[in-house]
Every structure is written in structure tokens, then in C-alpha cells.
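Below is one structure, written out as C-alpha cells; comments come after it.
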Amino acid sequence: MSVAFRRESDEEHLEPKFELPIPPGPNLVTPRGLELTRAKVTEVEAAVAAATDDEERTRLQRELRYWNTRAATAELAPAPAEDEVGIGSMVTIRLNGRTRTLTIVGHDEADPAHDRIAYAAPLARALMGAMAGEMVAFGGKADAVEVVEVG
């Protein structure tokens with residue numbers, strides 16, 4: 001029989017299961033982000049213990065490895081200088097004529113829909129170190145973003 005017609009198992013044609021990707025660089029977090037990470041570990045541990053399906057348990061165990069790694073590597077970001085944008089800062093900006101208030105947070109705490117952006121996001125990187133009243137370059141334009149207020 002030709003090799004083309006042999007199949008060892010159904011498993012060999014499945015997509016490989018990789019670990020969840022961990023963002024590169026240090027795992028800087030805010031105090032809120034650290035608490036959220038610890039809560040997620042507890043939540044996923046409970047889900048693993050309650051899982052009855054082997055496939056679901058395997059998926060949850062992979063997720064748990066991710067959150068355990070994130071909890072173990074979490075570093076509280078140093079508090080930014082007063083009136084300077086840094087991790088944990090709430091900053092009001094004016095971009096393209098629109099005013100927005102953003103909070104700069106760690107990767108796992110980021111939620112752009114709720115104006116929480118990761119410190120590694122391009123806009124956050126452009127704002128880091130700026131102070132109220134400054135104009136910063138963004139998107140290839142000098143003076144593209146006005147820092148209105150830093151809290």
C-alpha cells in the first residue's frame with residue numbers, strides 16, 4: 001500500500017497547540033494590574049478544577065500556565081514623577097481635534113475600549129515622559145498630540 005493512503009492517527013492532522021504568547025520585555029504592571037493578574041490565576045485554577053471535559057481542561061491548563069507566568073514575572077512599575085506621563089498615569093490628550101482621557105497600564109490590563117492602553121502601544125510610548133502643556137510627535141507628525149492634563 002502506498003504511503004499516501006496510510007494514516008497513523010487522526011491526531012497527526014490537527015493544528016499544533018502552542019503556548020499563549022507572552023509580550024516581549026519586562027512585565028510592568030500597575031497595582032491594579034497585579035491584583036487583576038492574581039485574581040485571574042485564582043479564577044482559572046477554579047475552572048481547571050471544575051472542568052470535566054479533557055479538551056477543555058487542557059485549554060484551561062494552557063491558560064493557567066500563561067497567567068502563572070505573568071503573575072511570577074510581574075514587576076510593579078515605578079510611580080511616574082508628579083505631572084509626568086508614565087505607567088499608571090491618567091492623561092488627557094488632544095489628538096486630531098478630539099480630547100480623550102487615557103490611562104497607561106501594563107499589557108494584561110490594557111483595554112482600549114475603556115481607554116486603558118498598554119505602555120508599549122505607540123501612542124503610550126509617544127506620551128511617556130511628557131508633561132501637561134507639551135506637544136509630542138506621533139504617527140510621523142511633529143506636535144501631533146497635545147498633553148492637556150496629567151493625573
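At least one donor-acceptor pair closer than 3.5 Å links the side chain of R125 to the backbone N or O of A120.
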Q: Could you walk me through whether L95 and E146 pass the side-chain contact (heavy atoms from CB on, under 4.5 Å) test, one step at a time?
A: CA-CA 7 Å; L95 174 63; E146 177 186 357; over 6 Å; no
Q. side-chain contact (heavy atoms from CB on, under 4.5 Å) between D108 and L36: does it pass, once the steps are laid out?
A. CA-CA 9 Å; D108 295 316; L36 289 173; over 6 Å; no
Q. Where do H107 and R70 land on the side-chain contact (heavy atoms from CB on, under 4.5 Å) test, with the steps shown first?
A. CA-CA 10 Å; H107 291 288; R70 297 305 279 170; 3.8 Å; yes
Q) What's the verdict on salt bridge (Lys or Arg N to Asp or Glu O under 4.0 Å) for R62 and E19, showing C-alpha distance, side-chain angles and the deciding distance? A) CA-CA 6 Å; R62 184 175 68 184; E19 292 299 312; 5.9 Å; no
Q: Just do the side-chain contact (heavy atoms from CB on, under 4.5 Å) check on V147 and V150 with the steps written out, would you?
A: CA-CA 7 Å; V147 178; V150 179; 3.7 Å; yes
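Between E55 and R59, none of the side-chain N atoms (NZ, or NE/NH1/NH2) sits under 4.0 Å from a carboxylate O, so this pair counts as no salt bridge. Checked for salt-bridge contact, R32 and E35 miss the test: no charged N lies under 4.0 Å from a carboxylate O. Taking the charged nitrogens against the carboxylate oxygens, R116 and E109 do have a contact shorter than 4.0 Å, which makes a salt bridge.
In this structure, V148 is not a member of the same hydrophobic cluster as V136, with clusters built from ILVMFWY side-chain heavy atoms closer than 4.5 Å. Both L64 and L20 sit in one connected hydrophobic cluster of ILVMFWY residues. Membership requires side-chain heavy atoms under 4.5 Å apart, directly or through other members. Put simply, V85 and M90 are part of two different groups of oily side chains (I, L, V, M, F, W, Y) that touch within less than 4.5 Å, one to the next. Hydrophobic clustering of Ile, Leu, Val, Met, Phe, Trp and Tyr side chains at less than 4.5 Å, counting indirect connections, unites V91 with L28. When hydrophobic clusters are built by joining Ile, Leu, Val, Met, Phe, Trp and Tyr residues whose side-chain heavy atoms come closer than 4.5 Å, directly or via intermediates, V105 is not grouped with I117.
Nearest approach of E75 to P26, heavy atoms of both residues: OE2-CB, 4.0 Å. Taking all atoms of both residues into account, the shortest heavy-atom contact from Y66 to P21 is CE1-O, 3.4 Å. Between P80 and E84, the closest heavy-atom pair is CB-O, 3.5 Å. Closest of all the heavy-atom pairs between A74 and L34 is CB-CD1, 3.7 Å. Here the shortest heavy-atom pairing between A126 and A137 reads CB-O, 3.4 Å. The two atoms that bring A51 and L60 nearest to each other are CB-CD1, 4.0 Å, heavy atoms only.
Within the model, atoms CD of Q61 and CG of N68 stand 11.5 Å from one another, a figure rounded to the nearest 0.5 Å. Atom CG in N96 sits 9.0 Å away from atom CZ in F138 (nearest 0.5 Å). Here OG1 of T42 is found 12.0 Å from CH2 of W67. Values are rounded to the nearest 0.5 Å. Atoms OG and CG, on S89 and L127 in that order, are 9.5 Å from each other to the nearest 0.5 Å. Distance check, rounded to the nearest 0.5 Å: CD1 of I104 to CG of L123 gives 7.5 Å.
Taking the side chain as every heavy atom from C-beta outward, E63 and K40 approach each other to under 4.5 Å.
Annotation: M131, atom CE; neighbour count of heavy atoms from other residues, nucleotides and ligands within 6.0 Å is above 12.
Contacts of T92 classified as side chain to side chain donor-acceptor pair (under 3.5 Å), with partners at least two apart in sequence or in another chain: T101.
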